[in-house]
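From a predicted model like this one, the values you see are computed outputs, not experimental measurements.
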Amino acid sequence: EEELQRRRDEKRRREEAERNKVDEARRRERENERKVVEERRKKEEASKKEEVEQKRKDDAQKQEELKKKKQEDEKKRVEEEAARREEDAKVLRQQQATLSVLRVLQKLSNANPDNFDSLNSELEEVLKTELPETGAQKEVLRAEADRVLEYSKQYVEQVRDQQTKWEEMKAQQQQKTHDAEKNAKALIEELTKLVDKANSTSEIAHETAAPLSGDHELENIEVLRIGRSVEQAGKSAMTACSACADFLVQNRQAIEAAETIRTETATAIQSLQPKIQN
């Protein structure tokens with residue numbers, strides 16, 4: 001019975017040891033499982049942490065890239081805006097320069113001998129300062145400037161030639177008028193002298209015939225002598241009057257050719273004609 005009890009006790013010990021062994025194995029298994037789970041958890045946490053850190057880095061990189069891109073876009077916008085303003089200023093300058101050249105060409109196309117030299121100098125200045133700024137219009141404007149300048153030169157030369165001819169013709173006309181006036185005055189003066197001479201001759205004839213007028217006591221021979229003297233004086237007076245009339249007929253056209261003093265000469269002739277007729 002003791003043996004049986006001993007065997008029972010030993011069996012129980014073996015069973016208990018077996019159970020303990022199984023329990024230890026289970027505990028170890030659980031511990032291993034726990035370690036595995038803990039390790040997995042740690043790995044997962046590490047992985048998540050790494051993912052979070054990577055995401056943070058990625059987000060930071062994206063933010064940096066966005067910031068950089070924004071800066072680049074802003075720089076590009078500023079550069080484009082500056083380029084646009086520069087291009088606008090360039091276009092405006094070209095337009096202003098083109099208008100400046102065209103204004104001078106417009107004035108030069110209406111040039112005259114009085115202002116041609118000053119306008120030509122103005123053209124030279126604007127071609128020097130403004131033409132290089134006209135851009136694509138430069139060659140066209142240069143050709144137009146050459147054309148307008150050549151046209152203006154020819155026109156001004158023609159006007160100057162015409163002015164010279166007109167001045168010469170005016171001088172000739174003035175000389176002709178002066179000569180006609182001088183000639184008319186000389187002819188009137190000569191006619192006046194002839195008329196005065198004719199009047200003097202007529203007065204002599206009247207004075208010569210005075211003794212025969214009315215009652216007289218002259219002898220016949222004296223009457224004949226006086227009569228011959230009167231006849232001779234009368235012929236001289238008639239000759240002098242005829243000379244006046246012939247002179248006026250021959251020279252009237254020359255006298256009237258002086259149109260500037262025609263009134264004066266007509267008045268002189270009108271005052272002399274009664275004396276010629278008498």
Side-chain angles (χ1 to χ4, degrees), residues 99-128 131 141-205 235-278:
L99 289 176
S100 297
V101 174
L102 290 177
R103 275 195 296 267
V104 176
L105 292 181
Q106 177 64 33
K107 290 193 289 186
L108 185 61
S109 65
N110 296 319
N112 57 59
D114 295 331
N115 62 12
F116 174 76
D117 291 338
S118 63
L119 289 177
N120 189 28
S121 298
E122 188 175 348
L123 176 64
E124 291 177 355
E125 181 65 20
V126 81
L127 291 181
K128 179 181 178 181
L131 184 63
L141 290 172
R142 165 61 72 178
E144 181 65 8
D146 292 341
R147 185 191 69 80
V148 172
L149 179 60
E150 184 61 26
Y151 163 80
S152 298
K153 283 182 179 178
Q154 293 179 1
Y155 172 75
V156 169
E157 287 175 0
Q158 290 176 357
V159 173
R160 283 174 175 167
D161 290 342
Q162 291 175 356
Q163 287 179 339
T164 300
K165 291 178 181 178
W166 186 84
E167 291 294 338
E168 292 174 352
M169 186 173 63
K170 182 180 178 181
Q172 292 174 357
Q173 184 62 38
Q174 288 176 343
Q175 186 62 43
K176 182 179 178 181
T177 300
H178 174 73
D179 293 342
E181 289 179 359
K182 183 178 179 180
N183 185 49
K185 289 178 179 179
L187 291 172
I188 290 294
E189 184 178 354
E190 186 174 353
L191 177 61
T192 301
K193 289 179 180 180
L194 289 174
V195 171
D196 290 342
K197 181 179 179 181
N199 286 336
S200 297
T201 304
S202 180
E203 289 177 359
I204 291 171
K235 287 181 179 180
S236 295
M238 290 182 64
T239 300
C241 288
S242 296
C244 291
D246 292 341
F247 182 88
L248 183 58
V249 170
Q250 292 171 3
N251 295 287
R252 191 180 193 105
Q253 185 175 359
I255 294 172
E256 292 179 348
E259 297 181 357
T260 54
I261 58 171
R262 182 172 290 178
T263 301
E264 179 182 343
T265 56
T267 301
I269 291 173
Q270 187 177 4
S271 65
L272 292 172
Q273 278 182 331
K275 298 179 181 179
I276 295 174
Q277 293 170 357
N278 293 335

Output, in order, the C-alpha distance, side-chain angles, deciding distance and verdict of side chain to side chain contact (heavy atoms under 4.5 Å, CB included) for Leu141 and Leu127. CA-CA 9 Å; Leu141 290 172; Leu127 291 181; over 6 Å; no

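Screening residues 251-272 for side-chain hydrogen bond (donor to acceptor under 3.5 Å, both in side chains), with sequence neighbours left out, gives Glu181-Thr260, Arg252-Glu256. Under the side-chain hydrogen bond (donor to acceptor under 3.5 Å, both in side chains) criterion, no residue pair touches residues 155-169, with sequence neighbours excluded.
When side chains are defined from C-beta on, Asp146 does not count as touching Glu150, because their heavy atoms never get closer than 4.5 Å. Proximity of Glu124 to Lys128: side-chain heavy atoms (C-beta onward) are nowhere separated by under 4.5 Å. Under the 4.5 Å side-chain criterion, counting only non-hydrogen atoms from C-beta, Gln273 is in contact with Leu248. Side-chain contact check for Leu105 versus Leu123: some heavy-atom pair is nearer than 4.5 Å.
To the nearest 0.5 Å, atom CD1 of residue Ile269 and atom CG of residue Leu191 are 7.0 Å apart. Summarising the geometry, atom CZ belonging to Phe247 is positioned 4.5 Å from atom CG belonging to Leu187; distances are rounded to the nearest 0.5 Å. Here CD of Glu190 is found 9.5 Å from CG of Asn183. Values are rounded to the nearest 0.5 Å. The structure places CG of Leu194 at 10.5 Å from SG of Cys241, a figure rounded to the nearest 0.5 Å. Of the inter-residue distances, the one linking Gln154 atom CD with Leu149 atom CG reads 10.0 Å to the nearest 0.5 angstrom.
In this view, Thr192 and Ile188, Asp196, Leu272 satisfy the side-chain contact (heavy atoms from CB on, under 4.5 Å) rule, not counting sequence neighbours. Remark: Arg147 pairs with Glu144 by the salt bridge (Lys or Arg N to Asp or Glu O under 4.0 Å) rule, at least two apart or across chains. Under the salt bridge (Lys or Arg N to Asp or Glu O under 4.0 Å) criterion, Lys107 pairs with Glu122, not counting sequence neighbours. Listed by chain and residue number, Lys176, Thr177 satisfy the side-chain contact (heavy atoms from CB on, under 4.5 Å) test with Gln173 (two or more places apart in sequence, or in another chain).
With hydrogens and angles ignored, the 3.5 Å screen pairs a side-chain donor or acceptor of Asn115 with a backbone N or O of Asn112. A donor-acceptor distance shorter than 3.5 angstrom exists from the side chain of Ser109 to the backbone of Gln106, with no hydrogens or angles considered.
Taking all atoms of both residues into account, the shortest heavy-atom contact from Ala258 to Ala180 is CB-O, 3.5 Å. Nearest heavy-atom pair across Pro113 and Val156 is CA-CG1, 3.9 Å.
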